[in-house]
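Structure record follows, encoded as structure tokens.
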4 protein chains.
Amino acid sequence: MARPKSEDKRSAILDAATRVIVTQGLSAPTATIAKEAGISNGSLFTYFETKVDLLNQLFIELKAGMAAAALKRFPDESELRKQVFHVWSNWMDWGTSNPEKRSALAQLSVSEEITPATRLAAHKTSAGLTDLMERIRANGSLRAVPMSFVGAIMNSLAETTMDIMINDPANAKKHCKVGFETFWRAIS
Amino acid sequence: MARPKSEDKRSAILDAATRVIVTQGLSAPTATIAKEAGISNGSLFTYFETKVDLLNQLFIELKAGMAAAALKRFPDESELRKQVFHVWSNWMDWGTSNPEKRSALAQLSVSEEITPATRLAAHKTSAGLTDLMERIRANGSLRAVPMSFVGAIMNSLAETTMDIMINDPANAKKHCKVGFETFWRAIS
Amino acid sequence: MARPKSEDKRSAILDAATRVIVTQGLSAPTATIAKEAGISNGSLFTYFETKVDLLNQLFIELKAGMAAAALKRFPDESELRKQVFHVWSNWMDWGTSNPEKRSALAQLSVSEEITPATRLAAHKTSAGLTDLMERIRANGSLRAVPMSFVGAIMNSLAETTMDIMINDPANAKKHCKVGFETFWRAIS
Amino acid sequence: MARPKSEDKRSAILDAATRVIVTQGLSAPTATIAKEAGISNGSLFTYFETKVDLLNQLFIELKAGMAAAALKRFPDESELRKQVFHVWSNWMDWGTSNPEKRSALAQLSVSEEITPATRLAAHKTSAGLTDLMERIRANGSLRAVPMSFVGAIMNSLAETTMDIMINDPANAKKHCKVGFETFWRAIS
DNA sequence: AATGAATGAGAATTCATTCAT
DNA sequence: TATGAATGAATTCTCATTCAT
């Protein structure tokens, strides 16, 4: 059964939640999110059963959006390092031009409200990335450790790199490269 | 001169908060923390002015404890790599044998309740670690990036390594080493 | 368009507050007021932002009600003394037949919760009374003192007269007259 | 059984309470009063069983002080009007030079915490004033009304007069006289 | 007697969720 | 389906009073 009701409104709520979470945190009232979305507080609950539900769907949405951005124009034919750098650059672009989504996603990632099932679902939306990481792991000295290790490292280095890029935009491109080199060294 | 405010009780509250935060998150009611500490809810506020105050002090306490553990028996005379590995190992020990403190600290680290002043104070309690990271940075290919980059990388790799160690205790020692190698490669 | 915020409910809360204040004073819990009004404690706050707000609005409402009662059927054509006696009688009627409102108003009048802005607003609702007092002052030996003096005297004599009337209802009419004569003498 | 403990400390608490009530109202915490008095919060309760008890005793003390001041150097031989003016002047002096006591007393007078028994006791401390008022009443046109009427009128006019005197100190003496004349007219 | 920590019953709000319109 | 008022459990913090020292 496809989603009922207006898909537009659903998106509006999700967007509003993103913005509100940035300034107020995850404990932001649903009423505030509804107002930001231009609907009544009651309506919010016709689109999301509970606040926790809203948060979980937002997590998936954001993660999927990020993965899609990272995989845009993926160079299937290139060698691994080139492919990874392509993804890395896309990621940096997404993060620096969507600071609100990035911030909300970071908060959701560490929240206990996000269920394991949600994390799994979000993971699945970025199958392309997972494949890539699997190949990265198989390639270097990390053959022995779990896949999540590679993901965690990449995520952490990416986050930190984006922070630096935002703080010093003039040298953004350089920082992007340095971050990548660091990552590549780590996983080699 | 009446009962003196007991340092024991302060610690009991902090310990209780640590335990409660692990299971209930930072939004755990102060009443729950008080009960866990074996005191009345009112008493909590004779030791900590507000809940936010309690959280901030806990953050400092935990961070200081972690840093102290990491720096235990620091080999002043050794070469850099040995020193870093020593700290790394200590850190892994602390994290794997104090999972609750580690979890609470992780949650506090990303909380907006923790003020910049607190973060600074906590940072100062681990001056030894800062020095070490400064030397790490000066040493390798990260000369150009801010110090926080090194810290963020180390923290992320450490966290992930600890997760792996806990999930696969039989090979803990090996995972500890692999994690370190990865880190060393990254910052070299 | 959902249930509209009902004016009835607002009045019910104000009435309930009046009753509760008489027996419990201004420190009466909002929960008690809500229960007396037949609504949930949460609902009280959809009609009044804070307890202080409720108190301030109640003050205005009561004062306005009293002034309206005092000015009912005002004899514009009569001479001053007749007019004042008319108002005085109306006031006595209002006070003796609305003992709860009178008691609550007395308590609110001396409360520090009532802001100067509220006092001003309440004052404006009784412009007719102010005019009258101004004419009283201009008329007699009180030309030299501030207007508030006349108001304070009238209020005090009125309050005391009402007490006597209530204590000795058989002679209420006589007491009403004696009170008025006393006032008239004072301001002559 | 005479009062135990230090009479000095008792007075210190009462004085402190007076000061604190002026700025914080009757809901001022006992802890604040204790600190202002330079003692521990616990000690306060060795001098006064409960907060209500403290308030009631303070009321009596203040009222007695006021009455004593009003009756100072009472001219037994003079005619009634002279005597009343003497008392009136003393009262104005007391009120204008003890604004804190006056304010605290005013607040206590309308508080529900003050019991009827206390009011009676306070009344008895000012027997001299009561006598005077009784003679005032017998003398004029108020023969028919209860004694309390005279007291209430006098109190109200006195309070208002003091306000005016404080607001316009340059003409204090004149205001004092006008206030008295008004009172005298009222009760004549 | 003096101290001040300990207690725990409130008190005013807040807010996710429900439901009448 | 949309609205926003209604609900009431839950939360932080206060404070009179007690009690160990």
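Throughout, protein chains are lettered first and strands after them, A, B, ... in sequence-line order, and every chain is numbered starting at 1. Computation of the quantities below employed the complete heavy-atom set of this structure, encompassing side-chain atoms and omitting hydrogens, waters and symmetry-equivalent molecules.
Within residues 111-118 of chain C, no residue has a heavy atom under 4.0 Å from DNA chain F. A heavy atom closer than 4.0 Å to some atom of DNA chain E occurs in no member of residues 12-19 of chain C.
T50(A) and D53(A) make their closest contact through OG1-N, 3.0 Å (heavy atoms, listed as atom of the first residue, atom of the second, distance).
Counted by atom type alone, S43(A) and S40(A) present one or more donor-acceptor pairs between their side chains at under 3.5 Å.
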Stepwise salt bridge (Lys or Arg N to Asp or Glu O under 4.0 Å) test for E159(B) and R102(B): CA-CA 9 Å; E159(B) 284 296 326; R102(B) 187 184 152 222; 2.9 Å; yes
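Between the side chain of Y47(B) and the backbone N or O of S6(B) there is at least one donor-acceptor pair closer than 3.5 Å. Of the possible polar contacts, none joining the R10(A) side chain to the F48(A) backbone as a donor-acceptor pair under 3.5 Å is found. K51(D) places a side-chain N or O within donor-acceptor distance of the main-chain N or O of A28(D), the cut-off being under 3.5 Å. Without hydrogens or angle criteria, T46(D) side chain to G42(D) main chain gives no donor-acceptor distance under 3.5 Å. At distances below 3.5 Å, at least one donor-acceptor pair connects side-chain atoms of T18(B) with backbone N or O atoms of L14(B). S103(C) places no side-chain N or O within 3.5 Å of a backbone atom of E100(C) that could act as its donor or acceptor partner.
With salt bridges taken as basic N to acidic carboxylate O contacts below 4.0 Å, none links E61(D) and K101(D).
Contact between the side-chain N/O atoms of S40(C) and the OP1/OP2 oxygens of dG8(F) is not found at any separation under 4.0 Å. Checking the phosphate oxygens (OP1, OP2) of dA6(F), a side-chain nitrogen or oxygen of T46(C) falls inside 4.0 Å. Taking 4.0 angstrom as the limit, Y47(B) places none of its side-chain polar atoms (N or O) nearer than this to OP1 or OP2 of dA5(E). Listed pair S43(B) / dG8(E) fails the phosphate criterion, with no side-chain N or O lying under 4.0 Å from OP1 or OP2.
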Watson-Crick and G-U pairing of DNA chain F written in dot-bracket, each distance under 3.5 angstrom, with | for inter-strand partners: .||||||||||||||||||||
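Atom CD1 in I39(B) sits roughly 17 Å away from atom C1' in dA20(F) (whole-Å rounding). We find that CZ of R10(D) is positioned 19 Å from C1' of dA2(E), with the value rounded to whole Å. Nucleotide dA6(F) holds its P atom 11 Å from the CG atom of D8(C), rounded to whole Å. Per the geometry, CG belonging to L26(A) stands 15 Å off C1' belonging to dA16(E), to the nearest Å. Rounded to a whole Å, the CG atom of L44(D) is 16 Å from the C1' atom of dC19(F).
Residue F48(B) is classed as having no contact, given no heavy-atom separation below 4.0 Å to the nucleic acid. Residue contacts for K9(A): at a heavy-atom cut-off of 4.0 Å it reaches the sugar-phosphate backbone alone, with no base atom in range. Note on A28(B): only backbone sugar-phosphate atoms sit closer than 4.0 angstrom, heavy atoms only; bases stay farther off.
Contacts of D15(C) classified as side-chain contact (heavy atoms from CB on, under 4.5 Å), with partners at least two apart in sequence or in another chain: R19(C).
Taking the side chain as every heavy atom from C-beta outward, F59(A) and E113(A) never approach each other to under 4.5 Å.
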Using the 3.5 Å cut-off, write out each protein N or O paired with an N or O of nucleotides 13-15 of chain F and the distance between them.
{"residue": "dC13(F)", "atom": "OP2", "partner": "K51(B)", "partner atom": "N", "Å": "2.9"}

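The environment of CD in E49(A) is sparse: at most 12 heavy-atom neighbours from other residues, nucleotides or ligands sit within 6.0 Å.
Sorted by first and then second residue, the side chain to side chain donor-acceptor pair (under 3.5 Å) pairs with a member in residues 21-30 of chain C form an empty list; sequence neighbours excluded.
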